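Worksheet: the structure to be examined is printed underneath.
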2 protein chains.
Amino acid sequence: MNEPMDMEAVLERLKEKGLRLTPQRVEVITLLYQLSHPTAEQVYSLMSKKFPYVSQTTVYSTLKMLKDLGLVNELTYGDRSSHFELTQEEHAHFNCKSCGEIYDVDVKDAHQLQYMLHAEQGYQVDFVRLEFYGTCPACAAGGKSEADAGRTKQ
Amino acid sequence: MNEPMDMEAVLERLKEKGLRLTPQRVEVITLLYQLSHPTAEQVYSLMSKKFPYVSQTTVYSTLKMLKDLGLVNELTYGDRSSHFELTQEEHAHFNCKSCGEIYDVDVKDAHQLQYMLHAEQGYQVDFVRLEFYGTCPACAAGGKSEADAGRTKQ
DNA sequence: ATATCAATTGATAACAATTATAATCAAAAA
DNA sequence: TTTTTGATTATAATTGTTATCAATTGATAT
């Protein structure tokens, strides 16, 4: 599986842009490395342990800033809130209906589709989003429950 | 391109389920045939011409009912509200960043990916959502503007 | 036809996720 | 130090959607 750029590089990118490395921002970034596709609410909730007075606005604006810099990717699903992930090489997601977990999955050849779309129908593709829905191997084996949803990265 | 089932069949399905074919419901369904991936708000807005006293609640509940019956598919995107389409054979979407239009596109071989995912990694795939983002042929040719977004079907 | 009764509608309020506003606070520049 | 700029916070507003519930409609039995 592809990895996102390391944390030092992310912090460096902020500095380059003249943005301040506040403790709140560092913590949001740290949590993005620790969690699997968290929502803004999950980041906020965990942040509150270290920063009891942090506001949701700070979390939202930090995530938006990181997204605008291209460092973070926002994923929207049918459920209410967005999920966030650190930017990395093109990959797909697998959404398990049993445990609720969102997995990163490699699907080589997926990006081939966009070349076909361009060559055959003239669409200019900037990026592709590919989402699978079903049951993950762990749940299929009966080894996971919904309570495991929202866990940290393995 | 695949076609959704015809309108007679949709209305028949409601009857089968013992649901009433009220004028409001027929109008929502009619609009789904006429529009390209409308939002609930767009359906409501157009409905208001024929039914000045219709409420948003009716539109939402009708769309939800159709979705629960599997006759309609709900698409969620970034910041905006949900878009709806009549159910049809598996297909992908192309989102044009220039005109905002959502196109249905055929991408044969797309569903091959889910077999690979299952065979190689053990994920049981129920369905796939594939979204492309970029510039459509009409916009690339300079022939379309944002004002054309939300048009009816061609 | 009329009574009955569940399905449907629509006005209103509630709701959750997000964004806007304005005041405060902190860091860097002058 | 003072000034300026950026960041954070509390608060309120906005948006899309759902819940509540009384009024209305329509199908069915009588």
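Predicted, not measured: the structure shown is a model, and the values here were computed from it. Order of the sequence lines fixes the chain letters, A, B, ..., with proteins taken first and strands second; residue numbering starts at 1 for each chain.
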Revision key, fill the gap. In terms of heavy-atom contacts, B/Leu31 and B/Val43 come closest through CD1-O, 3.7 Å
**Study point:** Check: B/Thr62 and B/Thr22 side chains under 4.5 Å, non-hydrogen atoms
**Key:** no
Exercise for review: Could you state the atom-to-atom distance from CG of B/Leu63 to P of D/dG16 in whole Å?
Suggested key: 15 Å
Point to revise | Atom-pair distance (CZ on A/Phe51; P on C/dA26), nearest Å | key: 14 Å
Check your understanding: A/Tyr44 has an atom OH; how far is it from atom C1' of D/dT8, in whole Å?
Key -> 13 Å
Practice item. Specify the separation, in whole Å, of atom CD of A/Gln42 and atom P of C/dT18. Key: 11 Å
Please produce a list of atom pairs where a protein N or O lies less than 3.5 Å from an N or O of nucleotides 24-30 of chain D.
{"from": "D/dT25", "atom 1": "O2", "to": "B/Arg20", "atom 2": "NH1", "distance (Å)": "3.3"}

Check your understanding: Looking at B/Val105 and B/His91, what are the two nearest heavy atoms and their distance?
Key -> O-CB, 3.6 Å
Practice item. Of all the heavy-atom pairs spanning B/Leu130 and A/Leu113, show the shortest one and how long it is. Key: CD2-CD1, 3.9 Å
Point to revise | A/Arg25 to A/Phe51 six-membered ring, cation-pi geometry met (6.0 Å, 45°) | key: no
Exercise for review: Enumerate the residue pairs fulfilling salt bridge (Lys or Arg N to Asp or Glu O under 4.0 Å) with a member in residues 31-53 of chain B, sequence neighbours excluded, ordered by first and then second residue.
Suggested key: B/Glu27-B/Lys50
**Study point:** For atom CD of B/Gln24 and atom C1' of D/dA23, their distance in whole Å
**Key:** 14 Å
Review point. Do the rings of A/Tyr77 and A/His83 sit parallel, tilted or perpendicular, given the 30° and 60° boundaries?
Key: perpendicular
**Study point:** d(CG, A/Asp68; C1', C/dT19) in whole Å
**Key:** 14 Å
Practice item. Compare every heavy atom of B/Tyr60 with every heavy atom of B/Ala40, then report the nearest pair and how far apart it is. Key: CB-CE2, 3.5 Å
Practice item. May I ask you to decide if the ring planes of B/His37 and B/His93 are parallel, tilted or perpendicular, using 30° and 60° as cut-offs? Key: perpendicular
N/O contacts under 3.5 Å, protein versus nucleotides 17-22 of chain D?
{"from": "D/dT17", "atom 1": "OP1", "to": "B/Ser82", "atom 2": "N", "distance (Å)": "3.0"}
{"from": "D/dT17", "atom 1": "OP1", "to": "B/Ser82", "atom 2": "OG", "distance (Å)": "3.4"}
{"from": "D/dT17", "atom 1": "OP2", "to": "B/Tyr60", "atom 2": "OH", "distance (Å)": "2.6"}
{"from": "D/dA19", "atom 1": "N6", "to": "B/Thr57", "atom 2": "OG1", "distance (Å)": "3.4"}

Review point. Rounded to the nearest Å, what distance is computed from the OH atom of residue A/Tyr53 to the P atom of nucleotide C/dA26?
Key: 14 Å
Exercise for review: Find the distance A/His83:NE2 to C/dA17:P and express it as a whole number of Å.
Suggested key: 10 Å
